[in-house]
Structure formats: structure tokens, C-alpha cells
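Structure record follows, encoded as C-alpha cells.
This chain uses plain numbering: 1 for the first residue, then up along the sequence. All ligand and atom numbering here is 1-based and tracks the order in the structure.
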Amino acid sequence: MNRIFESHAHYEDEAFDEDREALIASLPSNGIEYVVNVGSTVDTCRRTVELIAEYGFFYGALGIHPSEIKDVSDADLEWIEKETAANPKLVAVGEIGLDYYWDKDNKESQKDFFVRQIDIARRTGKPIIVHSRDAAFDTWDVMRSARASDCGGVVHCFSYSKEEAAKYLDMGFYIGIGGASTFKNAVKAREVIAYVPLERILLETDCPYLSPVPYRGKRNSSLNLPVIAENIAAVKGIGVKTVCDVTTENAKRMYGIL
Ligand code: NI
């Protein structure tokens with residue numbers, strides 16, 4: 001069986017309320033050796049801290065998603081920084097970034113939260129998990145001026161062109177590939193997969209969202225990672241085992257897991 005690293009999941013989500021324990025328990029025997037559970041609100045960050053205490057193979061990231069910044073206080077960000085600095089199983093700051101698909105009228109506060117959380121990553125010595133949607137130029141611009149290359153990290157669920165991917169590779173970032181890359185019309189995503197060296201790709205589901213074909217529209221879970229790996233293998237013309245082995249090493253290196 002292939003060894004797989006799930007680099008981005010949301011197992012605290014209510015979509016897993018009915019069978020969370022059984023599903024998580026089934027992951028190791030299906031080759032899922034590591035999971036990074038990613039927070040997006042204060043509440044899901046708290047749940048992430050609980051999950052990583054409960055499951056040995058779970059690691060976590062705390063951060064406020066750009067669509068969730070409303071009502072987040074300075075004290076909340078201070079709590080994130082304190083937890084992240086103190087808990088060795090918190091291996092990144094995220095997910096953070098810019099999302100102009102859902103909100104276009106608060107771009108300045110999105111940027112402000114993004115910069116402040118990049119600073120948390122720098123001070124705690126952790127990489128960042130970047131969420132970016134319909135905000136290609138501004139994301140790169142903020143990361144460049146806030147010196148995100150000091151922290152490193154991943155641009156998750158990468159949805160831009162290979163020319164954009166080149167800019168993040170130049171900054172030392174990894175590219176997260178998930179289920180959307182398997183969609184029939186995902187021409188751009190397949191170009192990105194072909195272009196980005198395997199040594200810079202992370203496997204992810206973003207579950208419960210974004211199930212790969214043929215499970216599109218259903219609840220996603222890490223059990224679907226082999227489908228995403230097979231698609232990468234097919235596009236690159238290499239073996240699935242190589243994809244799983246190399247992306248696992250990539251994630252361990254990026255998240256600093258020995
Ligand atoms: Ni996510």
C-alpha cells in the first residue's frame with residue numbers, strides 16, 4: 001500500500017459529525033500516515049487543537065480564513081500565536097490569504113489580516129498555508145512585500161495558471177494539488193501539474209469539500225487521496241507510488257515533521 005500524507009483537511013467540520021471517529025480510525029489502514037487539520041475560524045482552530053491532542057497522526061494549523069475575518073479580535077490572533085508557539089504539533093499558520101470570490105468589498109482588511117498572520121508565522125518559525133481565490137496578483141504582492149519567503153509554505157488548492165505557479169515556486173513555496181485537478185475541464189490544473197516539479201507538490205483533499213472525480217458532489221475525505229495521486233501520476237507519466245512517496249517527504253519537510 002502507498003504511504004500518503006494528507007496536507008490539508010477539515011475533520012472538525014460538521015459534515016463528519018456522524019462518523020468522524022470511525023472514519024479517522026480507518027485512515028491509517030488505508031495508507032494515510034499523516035493528516036494536517038487546518039483551522040479557518042477561531043472555533044475551528046479550537047477544534048483542531050482538540051483533534052491533534054486526540055490522534056497521534058494528526059497535526060494542525062491555526063489561522064483565520066480571509067472570508068472569516070469579520071469579528072476576529074486582536075486577542076484571537078494573540079491566542080493563535082501563543083498556541084502555535086507552544087504546541088509542537090501545530091506545524092503551520094493557516095489557512096490565511098485573500099478571497100475576492102466571496103468578498104470584494106473588504107480587500108484592505110483581508111490584506112491586513114494576511115500580513116499580520118504572516119508575521120505570526122515568522123515569529124513562531126512556522127510555514128504558512130495560503131488560500132487564494134480570484135486574487136492572484138494581490139496574493140503574490142502581499143506575500144512579496146511581507147517577505148513570506150522567510151516562512152515558506154504552500155499555496156493550497158492551487159487554481160491559477162502555470163505562469164502564476166512559477167512565481168510561487170520562485171518564492172520557495174509548494175503547490176497544493178487537490179480534487180479539482182481531476183475535473184474534466186481542469187485543463188489549467190493539469191498544465192500546472194505537468195509544470196511543477198514533483199518535489200514541490202503536496203497532496204491534499206480540503207475535505208469535506210472538493211471531491212475528485214468520480215465522487216464529485218459527494219462528501220470528500222482523505223480516503224480519496226489515491227484518486228488525486230493517480231491523476232498526478234497519469235499527467236506526469238510516472239508511477240503512483242513515486243507520487244505518494246515524494247509528496248509525503250515534501251509535506252514532512254515543509255511542516256518540519258521528522
Ligand atoms: Ni481548506
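Taking the Ni ion (ligand 1) as reference, the nearest N/O/S atom within Glu95 carries the name OE2. The N, O or S atom of His8 with the smallest distance to the Ni ion (ligand 1) is NE2. Among heteroatoms of the N, O or S kind in Asp206, OD1 lies nearest the Ni ion (ligand 1).
Salt-bridge annotation for Asp112 and Lys107: absent, with no side-chain N of the basic residue lying under 4.0 Å from a carboxylate O of the acidic one. Glu191 and Lys162 are not joined by a salt bridge, as no carboxylate oxygen comes within less than 4.0 angstrom of a charged side-chain nitrogen. A salt bridge links Lys241 to Asp245: one of the charged nitrogens lies within less than 4.0 Å of a carboxylate oxygen.
Surrounding CZ of Phe183 are more than 12 heavy atoms belonging to other residues, nucleotides or ligands, all under 6.0 Å away.
Here the closest non-hydrogen pair linking Asp150 and Arg122 is OD2-NE, 3.1 Å.
With 2.8 Å as the limit, His10 counts as an N, O or S neighbour of the Ni ion (ligand 1). Taking backbone and side chain together, His65 holds no N, O or S atom under 2.8 Å from the Ni ion (ligand 1).
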